[in-house]
Amino acid sequence: MKKTILHISKYYYPDLGGIETLVRSLAEGLTDYRNVVVCFATNGKTSETTINGVIIHRVKVNFSFMHQDVSFGYFKILKNLVQKYSPDFVHVHCPNPYVYPLVLRAILPETKLILHWHSDIISKGLMYKVVKPFENKALKRSDLILATSPNYIHPSSPIYQYKEKIRIVQNGVIAADFDMKEGDEERIKSIKQQFDNKPLVIFVGRHIQYKGIDLLIEIEKYIQNDCHVIITGTGPLTNKLEKQSVSPRITFTGRLSSDDLRCYVHAADIFAFPSNTKAEAFGIALAEAMYCRCVPVVFHLEGSGVNWVSLKDQTGMEIPHGDIKAFAAAIDQLLNNRSLLDQYALASHERVKEHFTDEMAVRKMNEIYSIL
């Protein structure tokens, strides 16, 4: 009989995001195990479904407080799942502070607890003071902590004091989602024509504070080349950002289908990734863009994996933190030097193919589970 992994994630596919991509790739890829996911429902309904062999329990959210979903029925459902499946491993994708005390109460003493540390909780206000004791208990109880990059094992992170039980498992791009499909060439040609065949600078991600989209809007003012900036996605800051943006060179596309997103990224020349805090711990959208040969320009973020995914002056440009004029100048440098752009484009694709695919992440997790 297969051993069982209970994955605990905030959300799950078809909800999109970096963590959601990683959880999906693990749950679908670890085929030697029975994979069960519990997550919050984004449609307001508790449900159970099976997608590609993965059993998914979505739990109704009663309200959100400081960007954290709260569900009155979560503990009961979690407890029932533990009793039903007797999971050998509980794999919690962090940060997800609401579930820490619930997991610690629900799991059995013999259950192996894995904390997949996608990011620290960056805000250190009153909310974190409430959460921190439960975070500490979860870290102490854990059998293993997974960091997504060596950069994140940093003195500023709460995981630093647990170095002896940390392993590195980098996030993986689901490569098949970004390989060119039939009809893509025509769609890419159409996208380029839509913007008068100008060079394209693209951003992909949720519209939240640490993504630095407000900075990108300011950066555009200093770009000298005749290009167009495309901002995809949505989020709580979308309306504010659209009001801030007055340039005809900036287009907000809204949320794109997976097929459209793939084509937009392939159509673009430069991936502008102006995330400005280590809440951007890895950057799966960054790796996806690099796989599509879209050359990244990023800020230096101390203690973040962003500058491990894209290597300075090897796969793209890395700019001193917050220097928007230098960021714009880097975009101009790339657009003025096609051979350098092509060099970085190839190096970006090769780096992701060699280090950051879903197959590699699954292979590493298989090795870890087999010895845990």
Side-chain angles (χ1 to χ4, degrees), residues 11-29 93 118-119 148-149 169-181 184 187-188 191 200-208 210-213 216 229-235 253-275 279-299 301 304-311 314-318 341 344-362:
Y11 311 109
Y12 188 76
Y13 179 80
D15 297 315
L16 300 177
I19 295 177
E20 290 74 24
T21 296
L22 187 276
V23 180
R24 176 192 169 197
S25 67
L26 294 183
E28 293 186 2
H93 295 268
H118 296 273
S119 172
T148 57
S149 77
V169 178
Q170 63 267 47
N171 291 345
V173 171
I174 301 178
D177 288 352
F178 289 89
D179 287 329
M180 294 279 283
K181 309 288 190 298
D184 280 2
R187 179 70 178 116
I188 290 167
I191 290 167
L200 298 179
V201 178
I202 195 167
F203 166 87
V204 176
R206 290 191 68 223
H207 297 183
I208 50 181
Y210 73 78
K211 293 291 186 180
I213 306 170
L216 180 56
V229 177
I230 299 170
I231 298 175
T232 73
T234 60
T253 66
R255 181 174 176 175
L256 298 173
S257 69
S258 57
D259 287 336
D260 272 346
L261 178 62
R262 179 180 63 254
C263 291
Y264 266 86
V265 177
H266 275 287
D269 302 278
I270 293 173
F271 186 69
F273 201 58
S275 295
E280 191 68 79
F282 182 89
I284 193 68
L286 168 63
E288 290 168 347
M290 291 168 62
Y291 185 78
C292 296
R293 297 177 173 82
C294 190
V295 175
V297 180
V298 305
F299 283 128
L301 299 175
S304 167
V306 164
N307 309 121
W308 179 62
V309 177
S310 178
L311 300 179
Q314 295 183 44
T315 60
M317 308 287 275
E318 182 181 314
L341 188 70
Y344 286 163
L346 177 59
S348 287
H349 176 76
E350 291 301 317
R351 178 157 176 78
V352 174
K353 195 167 76 169
E354 291 176 13
H355 299 285
F356 304 119
T357 65
D358 53 335
E359 290 182 359
M360 292 176 184
V362 168

Q: Side chains of S275 and V306: does their closest heavy-atom pair fall under 4.5 Å?
A: no
Q: Looking at G283, is its backbone amide N or carbonyl O close enough to the side chain of N171 to form a donor-acceptor pair, meaning the two atoms are under 3.5 Å apart?
A: no
Q: Less than 4.5 Å apart, side chain to side chain, heavy atoms only: is that true for H118 and F282?
A: no
Q: Should the pair F203 and F273 be assigned to parallel (<30°), tilted (30 to 60°) or perpendicular (>60°) ring geometry?
A: parallel
Q: Could you give me the CA-CA distance, side-chain angles and deciding distance for T253 and T232, then say whether side chain to side chain donor-acceptor pair (under 3.5 Å) is met?
A: CA-CA 5 Å; T253 66; T232 73; 4.9 Å; no
Q: Taking all atoms of both residues into account, what is the closest heavy-atom pair of H266 and C292, and its distance?
A: NE2-SG, 3.5 Å
Q: Taking C-beta and beyond as the side chain, do E28 and D358 meet within less than 4.5 Å on heavy atoms?
A: no
Q: Find the distance between CD (E354) and CD (E350) and round it off to the nearest 0.5 Å.
A: 5.5 Å
Q: Looking only at heavy atoms, what is the nearest atom pair of R206 and K211, with distance?
A: O-CG, 3.1 Å
Q: Side-chain contact test, heavy atoms from C-beta onward, threshold under 4.5 Å: evaluate it for I202 versus F271 and give yes or no.
A: yes
Q: Distance-only, no hydrogens or angles: does the D260 side chain make a donor-acceptor pair with backbone N or O of S257 under 3.5 Å?
A: no
Q: Check whether any side-chain N or O of S348 sits under 3.5 Å from a backbone N or O of T315 as a donor-acceptor pair, and report yes or no.
A: yes
Q: Quick one: which of T357, L286, T21, V352 gives a side chain to side chain contact (heavy atoms under 4.5 Å, CB included) with V173?
A: V352
Q: Is there a side-chain contact (heavy atoms from CB on, under 4.5 Å) between L26 and V362? Walk through the geometry before answering.
A: CA-CA 6 Å; L26 294 183; V362 168; 4.3 Å; yes
Q: Give the minimum heavy-atom separation between R293 and A345, together with the two atoms involved.
A: O-CB, 3.5 Å
Q: So which atom in I174 and which in S25 form the shortest heavy-atom distance, rounded to 0.1 Å?
A: CG1-CB, 4.2 Å
Q: Mind checking whether D177 and E288 have side chains closer than 4.5 Å, heavy atoms only?
A: no
Q: Do I230 and L200 have side chains that approach each other closer than 4.5 Å (heavy atoms only, starting at C-beta)?
A: yes
Q: Is any side-chain heavy atom of R351 closer than 4.5 Å to a side-chain heavy atom of L311?
A: yes
Q: Heavy atoms, side chains only, cut-off 4.5 Å: are I284 and V309 in contact?
A: no
Q: List the steps and the verdict of salt bridge (Lys or Arg N to Asp or Glu O under 4.0 Å) for R187 and D184.
A: CA-CA 5 Å; R187 179 70 178 116; D184 280 2; over 6 Å; no
Q: Without swapping roles, check the side chain of S304 against the backbone of E280 for a donor-acceptor pair under 3.5 Å.
A: yes
Q: Name the residue from F178, W308, Y291 that meets the ring pair (Phe, Tyr, Trp, His ring centres under 6.0 Å) definition with F356.
A: W308
Q: Show the nearest heavy-atom pair for residues I188 and C263, with the distance to one decimal.
A: CG1-O, 3.6 Å
Q: A279 and S119: which non-hydrogen atoms are nearest, and at how many Å?
A: O-OG, 3.4 Å
